[in-house]
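Have a look at the structure below, then the notes.
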Amino acid sequence: MSAPDTAAPPANPAPNGPSAPPADPNAPPQQGQAQAEEQDEAAEEQDRPQDAWASRRELADHAPPALRIGSGAGFGGALVTGDQHGVSGGRVAGDVIMGSKTEIWQLGPPAPHASGEVPAATLERLAESFVADEEAFGALADRLREERVLVVRGAAFTGRRTAALMLLRRAGATSVRSLLRDRPPAELAAQLDAEQQRAEQGRAGDAPAPGPVGYVLCDLMADRTRPLREPHLLAVRDRLAAHDGYLVVTVGPTAVLEEVDPAGWQPPSVAEVLTAHLTAQLRALAPDPATCEEYTGRESARLLALPAVTGFLARDHQLREAAAFAPALARHAAGGLPADELDAFSLGALESQVREWFEEDEAALPLRDKAFLISLAAFDGGPYALTAELSDRLYAELLRTQRPHAPADVPVFGTHIGKRLQLARAERRQAEEATEWGPVRQWVAAFRDDRAALVLLRELWTAHPSARPALVRWLRALAEDGRPLVRTRAAATTAVLAHADLPSAMALLIEEWAASPRYRHRMVAASALALAHFVGAPNVPRILDGWSQGEDRPMRWVAIRTHALIGPERPAGTLRVLRTVVRKEYEESRREDPPAPLDEAMVEELAGAVELLLLSEARETVLGELLASYEVDRPARDLTLAGFLRACGRGAEPHTGPESGPGPGPGAEDEGPDEEHPPGRPLVLDWYREAVGGPATAWVAHGLTRLWRAALGDSLHSRDALEVLRLWVLAAGHRQDVEWALAALLPALVAEPEDALRLAHLLRTMPGEDGAPPPPVAARLLTVVPAAGHPVPQHR
């Protein structure tokens, strides 16, 4: 088993490079088949394995924040990032967990389609907890008194309905009637006439008019086919002036208005709404009316300081959710709600929102918006343009499911980015994204609640099985993409699905990728399994152990790669699996007559797994295991030395920066704050330098020296070992700390006269960078290599 080029693993531009464009879903069958064949041929030409180190870097750079290695987030049992997920974890009762219906939103009449008088008790209750900027609200009320009719524009669930009712109350309306919203705007005046006639018929013959009447029309349906125009409002104003009435119309951001000047509604903060509603709830619990204000102030301050409340306010919750949270807090204060159910309220509200997004009713989101929400969940925190691009691909797949015999009709232009993100309760910001060319600044889109992506994907996979075929086709297409971010997010999304329903995710996605002859598919399968294990999906190690012992070689390759990615959690067990597999490879090779050469790709993968383990946080445990087992047999020796030399080559890549003399001394800062492992600073040599100075880690330095001697003295690995040393010497020419560490190591590598001769020959004859003569540092290092029969010079 010969070690690969460990010093500088070859670049693999193909997995990170551009991929062939997807086949046009609207193309004729023959043309679509030709496009698919061309795409397959191009993909086959680009398909090459990527080393395990690069795979781990891609997961670290491109996985969603909640799934990133080392983030500490993830699922645990029924938990999502530390919060209870799903009703299986506790009792759901009362209004603690909000449903998707509006009857539990205590901000107005029970149903938006109700027509009739709003009860006075409802208005009184709303007034008790209403909060708004007094100056701005007073200005709106003055405008309503003057103009008689006011159009209020605001986003959904920002309290615009309650604001409309309170504006009518402030304007002096003695009663408020709710109007149907599904009538055309042109019928508004006639609708008011009908309401006035009913009111007059309901009064006794000579009874006086009760006073100004207010009308509220919430969420007027005004689109391009029937916009709200200025003449409509002028006709309404005449009717209102004749009957001494007022009208407030609320519309959403997308309502079509022509020559109408709406009033913008600026909602209060979630904290203000929660405080106001909680105060109103606590007044009813006050034991003594005389001390009511003192009691409500004290209890409100105590409740608002609870961790469940501060956590709720730190999330992106809507005003309706804050209004529903206040009764739960009051019940908790009265001893009627346990603390764990109070803690579960925030996640329950999020789950309710996700279910509402996917509902199919008259107020349901368009399919294209649902596709965007799913794409945003998969690419949470990723570039907005990429999220939108791939959401349209998903929309086409969903259309194929919904209308299988109709062509996929994807609009070229759609909703404005701001409206899209507002609907998704997301935000857009500039952030640095890692690319194969270095970090670049891009506009990224992310849910304001970092739990939303995980909850949405889980809800989609488990509660909407009809969407699975389209989602599976979409993820398969993402796995073909040439962009590392896209492939990594396909793997991360599959990992979340696997946590929710492992058998289905395995059968529909992971097993198919793992059995593929193409490395790109297998790398996505490995990443998906690693992330699934990271977030707590069951039985992943058992799956890997079975695949590593099986006869399917692509699946064996995936098992090794996944073991490399999750190995630091169980280093001893992972190394046992790797040794078992390498022995199986040797046995299968010897069965042939004559013996067949070893599977080079499998050998490379095994060595890469050892490399990744040696460079992980479990490196000392790994080193101890390797030292205890590498001399047992030839397969174990080859595995250990090949992986060790690959690890030694990591960080020894040729220096590409400007010439800067001997470089910094020990303890100096790295070249760039964004580079975790800067080039020209070998990681294993750094490890040796740290270990050689401490009594507790002296065994590490001795162990690394022992493996170096074994590699230099082994005929199969000595050439690779000398090449790594050459790169270390070149790195020492740019960094003084590397030179000092190498000067401490070289004498320790000399156990026999042949060792000294080998090292001396390397330092005298090695070429410099770009074929130049040996660098000056080689001559300086030659002085520390003892000649045969001479004492070793002491390094100062």
Ignoring hydrogens and geometry, is there a side-chain-to-backbone donor-acceptor pair from [X] to [Y] under 3.5 Å?
X    : Y    : result
T387 : S375 : no
S589 : E585 : no
R520 : E480 : yes
T493 : A490 : no
S352 : A349 : no

Within-4.5 Å side-chain heavy-atom neighbours: [X] and [Y]:
X    : Y    : answer
D638 : V582 : no
E588 : M602 : no
H563 : L612 : no
W687 : L615 : no
W461 : D501 : yes
V684 : L614 : no
D545 : V577 : yes
V535 : L454 : no

Please report the interatomic distance [atom1]([X]) to [atom2]([Y]), rounded to the nearest 0.5 Å.
X    : Y    : atom1 : atom2 : value
E611 : L645 : CD    : CG    : 10.5 Å
H499 : L497 : NE2   : CG    : 11.5 Å
E459 : W357 : CD    : CH2   : 11.5 Å
T488 : L478 : OG1   : CG    : 11.0 Å
S391 : R368 : OG    : CZ    : 6.5 Å
L623 : L613 : CG    : CG    : 12.0 Å

List in chain and number order the residues that pass side chain to side chain contact (heavy atoms under 4.5 Å, CB included) with [X], two or more places apart in sequence or in another chain; answer none if no residue qualifies.
X    : value
A424 : F372, L373, L376, A426, F447
A628 : none
A514 : A525, W547, M555, V558
Q442 : P383, E433, V440

Cationic N near anionic O, under 4.0 Å, E605 to R522: no
salt_bridge(R483, E389) N-O dist < 4.0 Å: yes
Salt bridge (charged side-chain N to carboxylate O under 4.0 Å, His left out) between E351 and R458, intermediate numbers included: CA-CA 10 Å; E351 292 172 329; R458 183 167 183 170; over 6 Å; no
[X]: salt bridge (Lys or Arg N to Asp or Glu O under 4.0 Å) partners, not counting sequence neighbours:
X    : result
R425 : D316, E321
E600 : none
E427 : R429
E690 : R619

Steps toward side chain to side chain contact (heavy atoms under 4.5 Å, CB included) verdict (M506, I543): CA-CA 10 Å; M506 291 293 296; I543 293 169; 3.9 Å; yes
[X] versus [Y], closest heavy-atom pair with distance:
X    : Y    : value
L508 : R476 : O-NH2, 3.1 Å
D686 : R681 : OD2-NE, 2.8 Å
P554 : D552 : CD-OD1, 3.0 Å
R561 : A526 : CG-CB, 3.4 Å
A607 : L639 : N-CD1, 4.2 Å
L421 : R428 : CD1-CB, 3.5 Å

Residues F379, V444; criterion side chain to side chain contact (heavy atoms under 4.5 Å, CB included); working and verdict: CA-CA 9 Å; F379 291 89; V444 301; over 6 Å; no
Which residues satisfy the side chain to side chain donor-acceptor pair (under 3.5 Å) test with [X], sequence neighbours excluded?
X    : result
S516 : H521
R473 : E397, T401
R583 : D633

R441, CZ: over 12 other non-hydrogen atoms inside 6.0 angstrom: yes
Heavy atoms of other groups near R448 CZ, more than 12 under 6.0 Å: yes
Residue among L475, L399, I374 satisfying side-chain contact (heavy atoms from CB on, under 4.5 Å) with L394: I374
Pairs where residues 463-483 contributes a residue and the test ring pair (Phe, Tyr, Trp, His ring centres under 6.0 Å) is met, not counting sequence neighbours: F358-H464
Full working for salt bridge (charged side-chain N to carboxylate O under 4.0 Å, His left out) between R556 and D599: CA-CA 12 Å; R556 189 186 301 178; D599 184 336; over 6 Å; no
Side chain to side chain donor-acceptor pair (under 3.5 Å) between R487 and S527, intermediate numbers included: CA-CA 9 Å; R487 295 195 308 273; S527 297; over 6 Å; no
Candidate pair T580 and Q549, rule side chain to side chain contact (heavy atoms under 4.5 Å, CB included), full reasoning: CA-CA 8 Å; T580 301; Q549 297 297 317; 3.0 Å; yes
Worked check of side chain to side chain contact (heavy atoms under 4.5 Å, CB included) between H717 and F644: CA-CA 11 Å; H717 300 279; F644 172 70; over 6 Å; no
